[in-house]
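The structure appears right after this line, and notes come after that.
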Amino acid sequence: MPSTLMTHPFVQTPGWLHWDPNPSKPRFVVPAGAVDAHCHVFGPGAVFPFAPERKYTPCDASKAQLFALRDHLGFSRNIVVQATCHGTDNSAMVDALQHSGGMARGVATVPRSISDAELLRLHAAGVRGVRFNFVKRLVDFTPKDALMEIAARIAALGWHVVIYFEAQDLPELWEFFTALPTTVVVDHMGRPDVRKPLDGPEFSLFVQFMREHPNVWSKVGCPERLTVSGPAALQGERNAYRDVVAFARRIVETFPDRVLWGTDWPHPNLKDHMPDDGLLVDFIPHIAVTAELQHQLLVDNPMRLYWPEAER
Ligand code: 0GY
């Protein structure tokens, strides 16, 4: 039964696409111990209500459904990123971490007023980062001095900052981003416009940002969000989202020890198509073309960032 049919007081945003309940089995076999480093849980709304200030109301996407997808795709671990529809109430994300048997860690959204005790509680649950979101359709503006204060406090816990922004906003945000005192992880390569040239000014600025700042990492998933050509694969092939490949491959090959990959399940705010998660996994060998790059992307890098204490 689609989870949207469950009883809760929330009305899903019109046009919202439900995640694919029957993703295909990927052909690409991910290396043992692979980490899905960007995914979310939504509610369920009847248990974990969505935030009053949210910009969209999603369908439900529970921890059990996330862990079932993890197993189906062949992954071992998840990084559960706080979604904006839950605001600064991290309960659903923390609940997922606490029921993962130690196989999930998290990225929270916290207010400036958060207490030290609450930060420690989040740490004990497995949170290792905070997310600062600059995508205007998703969040209201938070003053940069508040964010910088949060960054200084979480730096003391050894956490990192995840930043989400649109490519055209990088110049204006550059000074703030480069002053952050932690490892900084960029969501979805800073959302490049893939109709523009790979070596054009916009994407070159992003490459420069990573090159000049060795504390900056990037997630290289989410082709379904960036594509213009769409999911159509060549007959009988599984090479969808071809217009995104060169961008992601450039980042993987230039910064192989600072890249992460995630499904982005349950894929919030997609209006045109809902991806087949199996097809998303089959995108990986197109952007990380050797076994060594694949291992760095899916195992070594996320383990170093999220489970540094694990024996290597
Ligand atoms: C993503 C992207 C989006 C949404 C969120 O937290 C969120 O609501 O991250 C988006 O709409 O681009 O990474 O999930």
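Counting starts at 1 for both ligands and their atoms, following the listed order.
- Comment: Arg70 does not engage Asp36 in a salt bridge, judged by the lack of any side-chain N to carboxylate O separation of less than 4.0 angstrom.
- Proximity of His267 to ligand 1, defined as any heavy-atom pair under 4.0 Å, is not found for any part of the residue.
- The closest side-chain heavy-atom distance from Val216 to Arg211 is not below 4.5 Å.
- For His38, the heavy-atom gap to ligand 1 drops under 4.0 angstrom.
- A salt bridge links Arg131 to Asp187: at least one charged side-chain nitrogen sits closer than 4.0 Å to a carboxylate oxygen.
- Under a 4.0 Å criterion applied to the non-hydrogen atoms of Ala83, ligand 1 contributes the atoms 6 (O).
- With a 4.0 Å heavy-atom cut-off, ligand 1 is reached by no atom of Asp187.
- For Asn269, every heavy-atom contact with ligand 1 shorter than 4.0 Å involves the side chain, none the backbone.
- Aromatic ring pairs are classed by plane angle as parallel below 30°, tilted from 30° to 60° and perpendicular above 60°; the pair Phe283 and Tyr241 is perpendicular.
- Its side chain outside the 4.5 Å cluster rule for every partner, Phe141 clusters with none of the Ile, Leu, Val, Met, Phe, Trp and Tyr residues.
- Checked by atom type, the side-chain pair Tyr164/Arg191 shows a donor-acceptor distance below 3.5 Å.
- Checked by distance only, ligand 1 and His40 come closer than 3.5 Å through their nitrogen or oxygen atoms.
- Using cut-offs of 30° and 60° on the angle between ring planes, the pair Trp16 and Tyr56 is parallel.
- Residue Arg191 touches ligand 1 through its side chain alone, judged by heavy-atom distances below 4.0 Å.
- Only the side chain of Arg131 comes within 4.0 Å of ligand 1, counting heavy atoms alone; its backbone N, CA, C and O stay farther away.
- The environment of CD in Glu212 is crowded: more than 12 heavy-atom neighbours from other residues, nucleotides or ligands sit within 6.0 Å.
- Of all atoms in ligand 1, numbered sequentially from 1 with element shown, those under 4.0 Å from a heavy atom of Tyr56 are 7 (C), 8 (O).
- With a 4.0 Å cut-off on non-hydrogen atoms, Asp264 touches ligand 1 through its side chain and not its backbone.
- The nearest protein atom to atom 13 (O) of ligand 1, hydrogens excluded, is given as His188 NE2, 2.6 Å; this is a heavy-atom distance.
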